[in-house]
Participant: 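Next up is a structure, given as C-alpha cells.
Note that the structure is predicted; figures quoted are calculated from it, not measured. Side chains are part of it too, since the values below use all heavy atoms of this structure and drop only hydrogens, waters and symmetry mates.
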Amino acid sequence: MVRNSRAVKTLRTLWMALILLFLYAPILIMIALSFNASVSRSQWTGFTLDWYVKLFHDPAILGALRTTIEVAVIATVVSTFIGTLGAIGVHAMGTGMASMLVNVSYLPMTTPDIVTGVSLMLMFLFVKIPLGKWTMIMAHIAFDIPYVLFSVMPKLKQMNPNLYEAALDLGCHPLKALYKVIIPEITPGIFTGALLAFTMSLDDFVISYFTSSDMYPNLSRIVYSSTKLGVKPTMYALSTLMFVCILVLLVAVNRRTKLENL
C-alpha cells in the first residue's frame with residue numbers, strides 16, 4: 001500500500017510538471033529569445049541585452065508605456081474608490097437587495113471580454129464620445145470595479161459590526177466613523193483589490209482595442225500591431241518585462257491574501 005501510494009504521488013507530480021511545462025514553455029522560449037543576439041528565432045548566436053536597450057530608445061513603445069501606466073493608475077485609483085464605497089453600501093443593505101447587487105456585479109467578471117469591449121464601444125459611439133484615451137480609462141474603470149468590490153466585501157463581513165455603532169454612540173460623525181473605523185479595518189482588502197485592478201488594467205488588450213483609437217495605443221496594442229509586420233526581438237523584450245511585472249504583482253497579491261488568512 002505504501003509503495004502504491006508513493007507511486008500515485010510520483011505520477012501526480014510528474015503530471016503536474018508536464019502541465020506546467022506545457023503552459024509555460026512558450027513563455028520561457030520567448031524570454032530566452034529576448035536575450036538572443038540574433039534576429040532569427042531558429043539560431044542562437046549569443047547572449048545580449050541590446051534588445052532591451054533598443055526597447056527603451058523606441059519612442060512608440062515609450063509612448064505606449066506612458067499611456068499604459070497612466071490608464072492603469074487612473075483606473076486603479078477611481079475603481080478602488082468606487083468599489084470600496086460600493087462594497088460598504090452593499091454590506092449595509094438588506095439581504096435581498098444586497099444579493100441582487102452582488103449577482104449583478106458578477107456579470108462584468110464572467111462576460112467575455114470581447115462582448116464587454118464591443119458593448120462599451122457601441123455605448124461611447126451612441127452618446128457621441130470620440131474613442132481615445134479617456135474612453136479607454138472609463139472602460140478600464142468599469143471592469144476593474146467588481147474586482148475591488150469582491151476583494152473588500154470579505155473584509156467587511158469579518159469586521160465586528162458593533163465597531164461602527166459604538167463610534168456613533170460615542171459622538172463620532174458618520175463620515176468620520178467611516179474613515180476612522182471602517183476604512184482601517186478593511187485596508188488589506190482595499191489594497192488587494194487595488195493590486196488586482198492595476199494588474200487587470202495593465203495587461204488588458206481586447207477591451208482597450210475596442211474602446212481606444214490608434215492615437216493612444218497601450219503596450220498590448222503595440223504588441224498586437226507588431227505581429228502583423230513580423231515580430232521583432234524588441235517585442236520579446238517588451239513581453240518579457242510585462243510578464244515579469246504582472247508576475248510580481250500577482251505574487252504580491254497572493255502573498256498578502258495568505259497573510260490575511262493566517
Side-chain angles (χ1 to χ4, degrees), residues 10-76 112-114 117 132-133 136-137 139-140 143 195-256:
T10 303
L11 288 174
R12 287 178 179 176
T13 303
L14 290 174
W15 180 246
M16 289 301 300
L18 288 173
I19 292 175
L20 291 174
L21 180 63
F22 177 78
L23 290 174
Y24 289 100
I27 298 176
L28 295 176
I29 293 173
M30 178 195 69
I31 293 174
L33 289 174
S34 69
F35 297 105
N36 185 14
S38 174
V39 179
S40 174
R41 294 189 295 269
S42 59
Q43 185 179 7
W44 178 269
T45 59
F47 181 88
T48 184
L49 294 174
D50 289 346
W51 306 122
Y52 288 89
V53 175
K54 292 181 179 179
L55 174 67
F56 288 102
H57 286 83
D58 190 324
I61 292 177
L62 291 179
L65 176 62
R66 191 180 304 110
T67 299
T68 300
I69 295 177
E70 183 178 352
V71 170
V73 169
I74 295 175
T76 299
D113 285 349
I114 190 169
K133 181 171 64 177
M136 180 165 58
I137 290 174
H140 281 222
F143 74 76
L195 280 178
L196 281 173
F198 185 79
T199 302
M200 297 299 297
S201 181
L202 194 66
D203 71 340
D204 175 73
F205 165 70
V206 177
I207 296 177
S208 299
Y209 180 81
F210 286 104
T211 58
S212 64
S213 65
D214 293 334
M215 294 179 61
Y216 301 100
N218 58 1
L219 288 177
S220 58
R221 291 193 63 176
I222 288 287
V223 173
Y224 173 74
S225 301
S226 68
T227 59
K228 298 179 180 179
L229 304 175
V231 181
K232 298 179 180 178
T234 51
M235 291 297 104
Y236 302 146
L238 173 62
S239 301
T240 299
L241 293 177
M242 291 178 66
F243 171 76
V244 171
C245 289
I246 293 171
L247 179 63
V248 169
L249 287 173
L250 290 176
V251 169
V253 170
N254 291 332
R255 181 174 177 79
R256 189 171 185 86

Participant: Drop me the distance from Ser220's OG to Tyr209's OH, to the nearest 0.5 angstrom.
Facilitator: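 That separation rounds to 11.5 Å.
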
Participant: Could you point out which residue of Leu219, Leu65, Asp58 forms a side chain to side chain contact (heavy atoms under 4.5 Å, CB included) with Leu238?
Facilitator: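 Of the listed options, the one satisfying the test is Leu219.
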
Participant: Hey, what do you get for CG (Leu18) to CG (Leu23), rounding to the nearest 0.5 Å?
Facilitator: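 Interatomic distance, Leu18 CG to Leu23 CG, rounded to 0.5 Å: 11.0 Å.
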
Participant: How about CD1 on Ile114, more than 12 heavy atoms from neighbouring residues, nucleotides or ligands closer than 6.0 Å, or not?
Facilitator: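 Not more than 12 within 6.0 Å, no.
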
Participant: At what distance, to the nearest 0.5 angstrom, does CD1 of Ile222 lie from OG1 of Thr234?
Facilitator: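 So the CD1 of Ile222 and the OG1 of Thr234 are separated by 10.0 Å.
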
Participant: Which of these passes side chain to side chain donor-acceptor pair (under 3.5 Å) with Ser208: Thr68, Asn218, Asp113?
Facilitator: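 Filter result, single survivor: Asn218.
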
Participant: Take atom CZ in Phe47; do more than 12 heavy atoms of anything else shown fall under 6.0 Å from it?
Facilitator: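 More than 12 within 6.0 Å, yes.
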
Participant: Before giving the answer on side-chain contact (heavy atoms from CB on, under 4.5 Å), spell out for Trp51 and Phe35 the whole-Å C-alpha distance, their side-chain angles and the decisive distance to 0.1 Å.
Facilitator: CA-CA 7 Å; Trp51 306 122; Phe35 297 105; over 6 Å; no

Participant: Search all heavy atoms of Ile207 against all heavy atoms of Ala139 and return the closest pair with its distance.
Facilitator: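 So the minimum-distance heavy-atom pair works out to CG2-CB, 3.8 Å.
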
Participant: If you measure from OG1 on Thr48 to CG on Asn36, what distance do you get to the nearest 0.5 Å?
Facilitator: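 Rounded to the nearest 0.5 Å, the OG1-CG separation comes to 9.0 Å.
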
Participant: Would you call Ile19 and Trp15 a side-chain contact if the rule is heavy atoms closer than 4.5 Å?
Facilitator: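 Yes, at least one pair of side-chain atoms sits under 4.5 Å.
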
Participant: Rounded to the nearest 0.5 Å, what separation is found between the CE atom of Met136 and the CD atom of Glu70?
Facilitator: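 CD of Glu70 is found 9.0 Å from CE of Met136.
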
Participant: Where is the tightest heavy-atom contact between Tyr216 and Thr67, given as atom of each residue plus distance?
Facilitator: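 Closest heavy-atom pair between Tyr216 and Thr67: O-CG2, 4.1 Å.
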
Participant: Between Ser213 and Gly132, what is the shortest heavy-atom contact and its length?
Facilitator: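 For Ser213 versus Gly132, the nearest heavy atoms are OG-CA, 3.9 Å.
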
Participant: Which atoms form the tightest heavy-atom contact between Phe198 and Ala72, and what is the distance?
Facilitator: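 It is CE1-CB, 3.5 Å.
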
Participant: Does Arg221 reach the main-chain N or O of Ala64 with its side chain, forming a donor-acceptor pair under 3.5 Å?
Facilitator: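 No; zero donor-acceptor contacts below 3.5 Å.
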
Participant: To the nearest 0.5 angstrom, please state how far the CG atom of Leu247 sits from the CD1 atom of Ile27.
Facilitator: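 Taking CG in Leu247 and CD1 in Ile27, the distance rounds to 9.0 Å.
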
Participant: Return yes if some donor-acceptor pair links the side-chain N/O of Ser239 with the main-chain N/O of Tyr236 below 3.5 Å, else return no.
Facilitator: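 Looks like no, no N/O pair under 3.5 Å.
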
Participant: Determine whether Val71 and Ser201 make a side-chain contact, defined as any pair of heavy atoms from C-beta on separated by less than 4.5 Å.
Facilitator: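 Yes, side chains in contact.
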
Participant: Which heavy-atom pair separates Tyr52 from Phe56 by the least distance, and what is that distance?
Facilitator: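 It is O-CD1, 3.1 Å.
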
